Number of protein chains: 2
Amino acid sequence: MIGQRYTKTRKNIFKALSNSKKPITAQEIFNSLKNNDEKINLASIYRNLDLMEKSDLISVILFGEGKKRFELKEENSHHHHFFCENCGDIEDIKMNEDKILANIKKTKFLIKEHKLEFFGLCPDCQ
Amino acid sequence: MIGQRYTKTRKNIFKALSNSKKPITAQEIFNSLKNNDEKINLASIYRNLDLMEKSDLISVILFGEGKKRFELKEENSHHHHFFCENCGDIEDIKMNEDKILANIKKTKFLIKEHKLEFFGLCPDCQ
DNA sequence: AGTATTATTGCAAATAATTCGCAATAAATC
DNA sequence: GATTTATTGCGAATTATTTGCAATAATACT
Ligand SMILES: [Mn+2]
Ligand SMILES: [Mn+2]
Ligand SMILES: [Zn+2]
Ligand SMILES: [Zn+2]
(Lines give C-alpha, C1' and ligand atoms only; values in the text may rest on other atoms or scores of the structure.)
(Ligands and ions follow the chains in the order given, each with its own letter.)
Protein backbone atom coordinates (compact mmCIF):
# COMPACT_ATOMS: atom_id res chain seq x y z
CA MET A 1 0.00 0.00 0.00
CA ILE A 2 1.11 3.54 -0.60
CA GLY A 3 1.66 5.99 2.22
CA GLN A 4 0.54 4.81 5.63
CA ARG A 5 -3.15 5.44 5.79
CA TYR A 6 -5.84 3.75 3.82
CA THR A 7 -8.06 6.70 3.09
CA LYS A 8 -11.31 7.06 1.24
CA THR A 9 -9.49 9.15 -1.33
CA ARG A 10 -7.07 6.35 -2.05
CA LYS A 11 -9.77 3.75 -2.28
CA ASN A 12 -11.58 5.88 -4.81
CA ILE A 13 -8.54 6.54 -6.96
CA PHE A 14 -7.81 2.83 -7.03
CA LYS A 15 -11.40 2.15 -7.94
CA ALA A 16 -11.32 4.68 -10.78
CA LEU A 17 -8.14 3.15 -12.16
CA SER A 18 -9.51 -0.38 -11.82
CA ASN A 19 -12.71 0.50 -13.59
CA SER A 20 -10.93 1.92 -16.59
CA LYS A 21 -9.87 -0.34 -19.41
CA LYS A 22 -7.42 2.28 -20.68
CA PRO A 23 -4.87 4.56 -19.11
CA ILE A 24 -6.63 7.65 -17.83
CA THR A 25 -5.64 11.18 -16.87
CA ALA A 26 -5.82 12.82 -13.45
CA GLN A 27 -8.69 14.91 -14.74
CA GLU A 28 -10.57 11.82 -15.90
CA ILE A 29 -10.19 10.29 -12.47
CA PHE A 30 -11.51 13.51 -11.02
CA ASN A 31 -14.50 13.49 -13.38
CA SER A 32 -15.36 9.86 -12.70
CA LEU A 33 -15.56 10.60 -8.99
CA LYS A 34 -17.32 13.92 -9.33
CA ASN A 35 -20.53 12.10 -10.15
CA ASN A 36 -19.88 9.34 -7.63
CA ASP A 37 -20.92 11.56 -4.70
CA GLU A 38 -17.41 11.24 -3.26
CA LYS A 39 -15.66 14.29 -4.62
CA ILE A 40 -11.88 14.42 -4.39
CA ASN A 41 -9.74 17.47 -4.91
CA LEU A 42 -7.65 17.36 -8.06
CA ALA A 43 -4.46 18.20 -6.17
CA SER A 44 -5.00 15.19 -3.94
CA ILE A 45 -5.38 13.01 -6.99
CA TYR A 46 -2.06 14.26 -8.32
CA ARG A 47 -0.38 13.72 -4.97
CA ASN A 48 -1.66 10.17 -4.73
CA LEU A 49 -0.73 9.36 -8.29
CA ASP A 50 2.80 10.52 -7.54
CA LEU A 51 2.96 8.25 -4.53
CA MET A 52 1.48 5.35 -6.42
CA GLU A 53 4.05 5.75 -9.15
CA LYS A 54 6.88 5.84 -6.65
CA SER A 55 5.46 2.72 -5.03
CA ASP A 56 5.41 1.13 -8.48
CA LEU A 57 1.68 0.55 -8.30
CA ILE A 58 0.89 2.38 -11.51
CA SER A 59 2.58 3.15 -14.82
CA VAL A 60 2.67 6.54 -16.42
CA ILE A 61 1.91 6.48 -20.11
CA LEU A 62 2.84 9.33 -22.42
CA PHE A 63 1.40 9.89 -25.85
CA GLY A 64 2.47 13.47 -26.36
CA GLU A 65 -0.99 14.83 -25.65
CA GLY A 66 0.42 17.27 -23.15
CA LYS A 67 -0.77 15.30 -20.18
CA LYS A 68 0.04 12.10 -18.39
CA ARG A 69 -2.02 8.94 -18.37
CA PHE A 70 -1.99 6.38 -15.61
CA GLU A 71 -2.86 2.72 -15.31
CA LEU A 72 -2.64 0.13 -12.59
CA LYS A 73 0.22 -2.33 -12.75
CA GLU A 74 -1.07 -5.81 -12.23
CA GLU A 75 0.59 -9.21 -12.07
CA ASN A 76 1.74 -10.48 -15.43
CA SER A 77 0.13 -7.59 -17.19
CA HIS A 78 3.16 -5.97 -18.75
CA HIS A 79 2.21 -4.58 -22.12
CA HIS A 80 2.54 -1.62 -24.40
CA HIS A 81 -0.02 0.54 -26.11
CA PHE A 82 -1.29 1.65 -29.39
CA PHE A 83 -2.36 5.27 -29.62
CA CYS A 84 -4.43 6.47 -32.55
CA GLU A 85 -3.06 9.77 -33.80
CA ASN A 86 -6.42 10.57 -35.24
CA CYS A 87 -9.01 9.80 -32.57
CA GLY A 88 -6.88 9.18 -29.51
CA ASP A 89 -8.10 5.62 -29.15
CA ILE A 90 -5.84 3.56 -26.94
CA GLU A 91 -5.46 -0.19 -27.19
CA ASP A 92 -3.34 -2.57 -25.21
CA ILE A 93 -0.60 -4.36 -27.12
CA LYS A 94 0.27 -7.50 -25.27
CA MET A 95 2.57 -9.99 -26.87
CA ASN A 96 5.94 -11.58 -26.79
CA GLU A 97 8.44 -8.75 -26.52
CA ASP A 98 11.01 -10.30 -28.82
CA LYS A 99 8.54 -10.58 -31.60
CA ILE A 100 6.75 -7.39 -30.86
CA LEU A 101 8.04 -5.39 -33.75
CA ALA A 102 7.33 -8.17 -36.19
CA ASN A 103 3.92 -8.90 -34.78
CA ILE A 104 2.64 -5.38 -34.46
CA LYS A 105 2.46 -5.17 -38.23
CA LYS A 106 0.03 -8.05 -38.36
CA THR A 107 -2.57 -6.27 -36.24
CA LYS A 108 -5.53 -4.30 -37.51
CA PHE A 109 -3.76 -1.07 -36.66
CA LEU A 110 -1.91 1.00 -39.20
CA ILE A 111 1.41 1.61 -37.52
CA LYS A 112 3.04 4.84 -38.50
CA GLU A 113 5.54 5.17 -35.76
CA HIS A 114 6.68 3.66 -32.53
CA LYS A 115 8.69 4.92 -29.63
CA LEU A 116 10.69 2.71 -27.34
CA GLU A 117 12.34 4.49 -24.46
CA PHE A 118 14.41 3.02 -21.70
CA PHE A 119 14.53 4.24 -18.12
CA GLY A 120 17.02 3.41 -15.44
CA LEU A 121 20.41 4.53 -14.25
CA CYS A 122 23.38 5.58 -16.33
CA PRO A 123 26.86 4.41 -15.34
CA ASP A 124 27.57 7.59 -13.38
CA CYS A 125 24.45 7.14 -11.31
CA GLN A 126 24.54 3.46 -10.48
CA MET B 1 11.57 22.45 -46.27
CA ILE B 2 8.86 23.43 -43.87
CA GLY B 3 6.43 26.22 -44.60
CA GLN B 4 7.22 28.33 -47.62
CA ARG B 5 9.83 30.80 -46.51
CA TYR B 6 13.35 30.10 -45.50
CA THR B 7 13.67 32.52 -42.63
CA LYS B 8 16.49 33.37 -40.30
CA THR B 9 14.43 31.94 -37.47
CA ARG B 10 14.15 28.59 -39.18
CA LYS B 11 17.83 28.47 -40.02
CA ASN B 12 18.66 29.10 -36.41
CA ILE B 13 16.30 26.47 -35.04
CA PHE B 14 17.78 23.94 -37.44
CA LYS B 15 21.24 24.98 -36.39
CA ALA B 16 20.40 24.58 -32.71
CA LEU B 17 18.99 21.12 -33.30
CA SER B 18 21.97 20.12 -35.42
CA ASN B 19 24.44 21.29 -32.84
CA SER B 20 22.87 19.23 -30.11
CA LYS B 21 23.88 15.64 -29.60
CA LYS B 22 20.73 14.96 -27.57
CA PRO B 23 17.07 15.80 -27.94
CA ILE B 24 16.50 19.30 -26.60
CA THR B 25 13.54 21.32 -25.36
CA ALA B 26 12.04 24.47 -26.87
CA GLN B 27 13.48 26.41 -23.98
CA GLU B 28 16.95 25.00 -24.60
CA ILE B 29 16.75 26.06 -28.22
CA PHE B 30 15.73 29.49 -27.01
CA ASN B 31 18.64 29.68 -24.60
CA SER B 32 21.21 28.53 -27.14
CA LEU B 33 20.17 31.35 -29.45
CA LYS B 34 19.80 33.97 -26.77
CA ASN B 35 23.56 34.15 -26.50
CA ASN B 36 24.07 33.81 -30.23
CA ASP B 37 23.05 37.46 -30.86
CA GLU B 38 20.05 36.25 -32.93
CA LYS B 39 17.23 36.16 -30.42
CA ILE B 40 14.07 34.30 -31.36
CA ASN B 41 10.79 34.51 -29.56
CA LEU B 42 9.84 31.35 -27.72
CA ALA B 43 6.40 31.24 -29.32
CA SER B 44 8.01 31.24 -32.76
CA ILE B 45 10.19 28.34 -31.73
CA TYR B 46 7.12 26.38 -30.70
CA ARG B 47 5.35 27.24 -33.93
CA ASN B 48 8.27 26.10 -36.01
CA LEU B 49 8.75 22.93 -34.04
CA ASP B 50 5.11 22.09 -34.68
CA LEU B 51 5.58 22.60 -38.39
CA MET B 52 8.79 20.62 -38.41
CA GLU B 53 7.09 17.74 -36.69
CA LYS B 54 4.22 17.78 -39.14
CA SER B 55 6.74 17.82 -41.99
CA ASP B 56 8.40 14.83 -40.37
CA LEU B 57 11.69 16.66 -40.02
CA ILE B 58 12.00 16.14 -36.30
CA SER B 59 10.93 13.59 -33.70
CA VAL B 60 9.32 14.45 -30.42
CA ILE B 61 10.76 12.54 -27.50
CA LEU B 62 8.94 12.18 -24.19
CA PHE B 63 10.54 11.16 -20.96
CA GLY B 64 7.81 12.27 -18.59
CA GLU B 65 9.69 15.38 -17.52
CA GLY B 66 6.65 17.51 -18.22
CA LYS B 67 8.07 18.91 -21.43
CA LYS B 68 8.81 17.77 -24.93
CA ARG B 69 12.21 17.16 -26.44
CA PHE B 70 12.99 17.41 -30.10
CA GLU B 71 15.66 16.03 -32.37
CA LEU B 72 16.32 16.16 -36.09
CA LYS B 73 15.42 13.11 -38.11
CA GLU B 74 18.26 12.18 -40.37
CA GLU B 75 18.75 9.46 -42.96
CA ASN B 76 19.26 6.03 -41.45
CA SER B 77 19.33 7.46 -37.99
CA HIS B 78 16.33 5.71 -36.50
CA HIS B 79 17.06 4.93 -32.90
CA HIS B 80 15.66 4.97 -29.39
CA HIS B 81 16.90 6.55 -26.21
CA PHE B 82 18.02 5.82 -22.77
CA PHE B 83 16.93 8.32 -20.12
CA CYS B 84 18.59 8.31 -16.73
CA GLU B 85 15.93 8.64 -14.03
CA ASN B 86 18.51 10.07 -11.71
CA CYS B 87 20.43 12.72 -13.66
CA GLY B 88 18.39 13.07 -16.80
CA ASP B 89 21.27 11.97 -19.00
CA ILE B 90 20.10 10.93 -22.44
CA GLU B 91 21.91 8.46 -24.65
CA ASP B 92 21.08 7.19 -28.09
CA ILE B 93 20.28 3.50 -28.34
CA LYS B 94 20.89 2.39 -31.89
CA MET B 95 20.77 -1.27 -32.69
CA ASN B 96 18.91 -3.99 -34.47
CA GLU B 97 15.28 -3.62 -33.51
CA ASP B 98 14.56 -7.31 -33.27
CA LYS B 99 17.32 -7.85 -30.80
CA ILE B 100 16.84 -4.59 -29.00
CA LEU B 101 15.34 -5.95 -25.86
CA ALA B 102 17.96 -8.65 -25.56
CA ASN B 103 20.81 -6.31 -26.31
CA ILE B 104 19.84 -3.44 -24.10
CA LYS B 105 20.67 -5.53 -21.09
CA LYS B 106 24.26 -5.90 -22.22
CA THR B 107 24.91 -2.17 -22.17
CA LYS B 108 26.48 -0.20 -19.37
CA PHE B 109 23.08 1.16 -18.40
CA LEU B 110 20.98 -0.23 -15.60
CA ILE B 111 17.62 -0.68 -17.23
CA LYS B 112 14.75 -0.33 -14.85
CA GLU B 113 11.96 0.17 -17.28
CA HIS B 114 11.18 0.66 -20.90
CA LYS B 115 8.24 2.07 -22.75
CA LEU B 116 7.34 1.13 -26.27
CA GLU B 117 4.42 3.01 -27.71
CA PHE B 118 2.95 2.74 -31.16
CA PHE B 119 1.42 5.56 -33.14
CA GLY B 120 -0.72 5.36 -36.20
CA LEU B 121 -4.33 4.87 -37.16
CA CYS B 122 -6.86 2.55 -35.57
CA PRO B 123 -9.25 0.59 -37.78
CA ASP B 124 -11.97 3.22 -37.48
CA CYS B 125 -9.66 5.94 -38.65
CA GLN B 126 -7.88 4.33 -41.57
C1' DA C 1 -14.45 5.52 24.04
C1' DG C 2 -11.65 9.67 24.27
C1' DT C 3 -7.26 11.96 23.24
C1' DA C 4 -2.99 12.70 20.86
C1' DT C 5 -0.19 12.50 16.77
C1' DT C 6 0.63 13.57 12.20
C1' DA C 7 -0.34 11.88 7.42
C1' DT C 8 -3.52 13.45 4.25
C1' DT C 9 -6.83 16.55 2.30
C1' DG C 10 -9.07 20.81 0.41
C1' DC C 11 -8.48 25.20 -1.21
C1' DA C 12 -6.43 28.88 -3.37
C1' DA C 13 -2.51 30.55 -5.38
C1' DA C 14 1.80 29.65 -7.92
C1' DT C 15 4.49 27.41 -11.70
C1' DA C 16 5.72 25.93 -16.04
C1' DA C 17 4.93 24.50 -20.67
C1' DT C 18 2.50 25.55 -24.53
C1' DT C 19 -0.87 28.14 -27.34
C1' DC C 20 -3.26 32.13 -29.29
C1' DG C 21 -4.71 36.85 -31.17
C1' DC C 22 -3.12 40.47 -33.56
C1' DA C 23 -0.47 44.02 -35.38
C1' DA C 24 4.32 44.59 -37.25
C1' DT C 25 7.87 42.60 -40.19
C1' DA C 26 10.20 40.51 -43.88
C1' DA C 27 10.66 36.65 -47.59
C1' DA C 28 9.27 35.71 -52.06
C1' DT C 29 7.00 37.40 -56.32
C1' DC C 30 6.00 40.72 -59.71
C1' DG D 1 10.79 49.12 -55.67
C1' DA D 2 6.00 47.85 -54.70
C1' DT D 3 2.83 44.02 -53.45
C1' DT D 4 1.39 40.00 -51.11
C1' DT D 5 0.97 37.28 -47.22
C1' DA D 6 3.68 33.90 -44.43
C1' DT D 7 6.06 34.52 -40.38
C1' DT D 8 7.45 36.88 -36.26
C1' DG D 9 7.30 39.29 -31.72
C1' DC D 10 4.75 40.43 -27.91
C1' DG D 11 1.64 39.94 -24.37
C1' DA D 12 -2.07 37.55 -22.69
C1' DA D 13 -4.51 33.19 -22.21
C1' DT D 14 -4.71 28.24 -21.44
C1' DT D 15 -3.73 23.95 -19.41
C1' DA D 16 -1.45 20.61 -16.64
C1' DT D 17 0.76 20.14 -12.54
C1' DT D 18 2.67 21.70 -8.07
C1' DT D 19 2.86 23.95 -3.61
C1' DG D 20 1.88 26.32 1.05
C1' DC D 21 -0.91 26.09 4.72
C1' DA D 22 -4.55 25.44 7.77
C1' DA D 23 -8.33 22.01 8.52
C1' DT D 24 -9.43 17.14 8.72
C1' DA D 25 -9.32 12.37 9.66
C1' DA D 26 -6.77 7.78 10.06
C1' DT D 27 -4.20 5.32 13.30
C1' DA D 28 -1.96 4.74 17.83
C1' DC D 29 -2.21 5.29 22.60
C1' DT D 30 -4.28 5.85 27.03
MN1 LIG E 1 -2.66 -0.69 -20.78
MN1 LIG F 1 18.52 10.60 -30.41
ZN1 LIG G 1 -8.64 6.22 -34.48
ZN1 LIG H 1 22.55 9.28 -14.48
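Sequence lines set the chain letters: A, B, ... in the order given, protein chains first and strands last, and positions in each chain run from 1. In this text the structure is predicted, and so the values were computed from the model without any measurement.
Of all the heavy atoms in B:His80 and A:Glu117, the pair that sits closest is C-OE1, 4.3 Å. Closest approach of A:Ile93 and A:His79 over heavy atoms only: O-CB, 3.3 Å. Considering every non-hydrogen atom in both A:Glu38 and A:Asn12, the closest pair reads OE1-ND2, 2.8 Å. For A:Ser32 against A:Ile29, the heavy-atom pair with the smallest separation is OG-O, 2.9 Å.
Across the protein-nucleic acid pair, B:Leu62 atom CG and D:dA16 atom C1' stand 14 Å apart, rounded to whole Å. In this entry the distance linking CZ of B:Arg10 with C1' of C:dA28 reads 13 Å, nearest Å. Nucleotide D:dG9 holds its P atom 9 Å from the NZ atom of B:Lys8, rounded to whole Å. Atom pair A:Phe70:CZ and D:dT17:C1' shows a separation of 9 Å (rounding to whole Å applied). Here C:dA26 presents its P atom at 14 Å from CG of B:Asn12, a figure rounded to the nearest Å. The CZ atom of B:Phe30 sits 14 Å away from the C1' atom of C:dT18 (whole-angstrom rounding). In this entry the distance linking CD of A:Glu65 with C1' of C:dT18 reads 15 Å, nearest Å. In this structure, A:Ile13 atom CD1 and C:dT8 atom C1' are separated by 11 Å, rounded to whole Å.
Tracing side-chain contacts under 4.5 Å through hydrophobic residues (I, L, V, M, F, W, Y), one never reaches B:Phe83 starting from A:Phe118; they form parts of separate clusters. Under a hydrophobic-cluster definition in which Ile, Leu, Val, Met, Phe, Trp and Tyr are linked whenever side-chain heavy atoms come within less than 4.5 Å, directly or via other members, A:Phe70 and A:Phe30 are assigned to the same cluster.
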Scan nucleotides 10-17 of chain C nucleotide by nucleotide, 5' to 3', and note B when protein non-hydrogen atoms come under 4.0 Å of the base, S if they reach only the sugar-phosphate, - if neither.
BB-----S
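Using a 4.0 Å cut-off between charged nitrogen and carboxylate oxygen, B:Lys22 and B:Asp89 count as a salt-bridge pair.
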Under 3.5 Å, N/O pairs linking protein and nucleotides 27-29 of chain D:
| from | atom 1 | to | atom 2 | distance (Å) |
| --- | --- | --- | --- | --- |
| D:dT27 | OP1 | A:Tyr6 | N | 2.9 |

Please lay out, stage by stage, how A:Glu91 and A:Thr107 fare under the test side chain to side chain contact (heavy atoms under 4.5 Å, CB included).
CA-CA 11 Å; A:Glu91 301 284 341; A:Thr107 66; over 6 Å; no
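Ring geometry for A:Phe109 against A:Phe82 counts as parallel: the plane angle stays under 30°, on a 0 to 90° scale with 60° as the upper cut.
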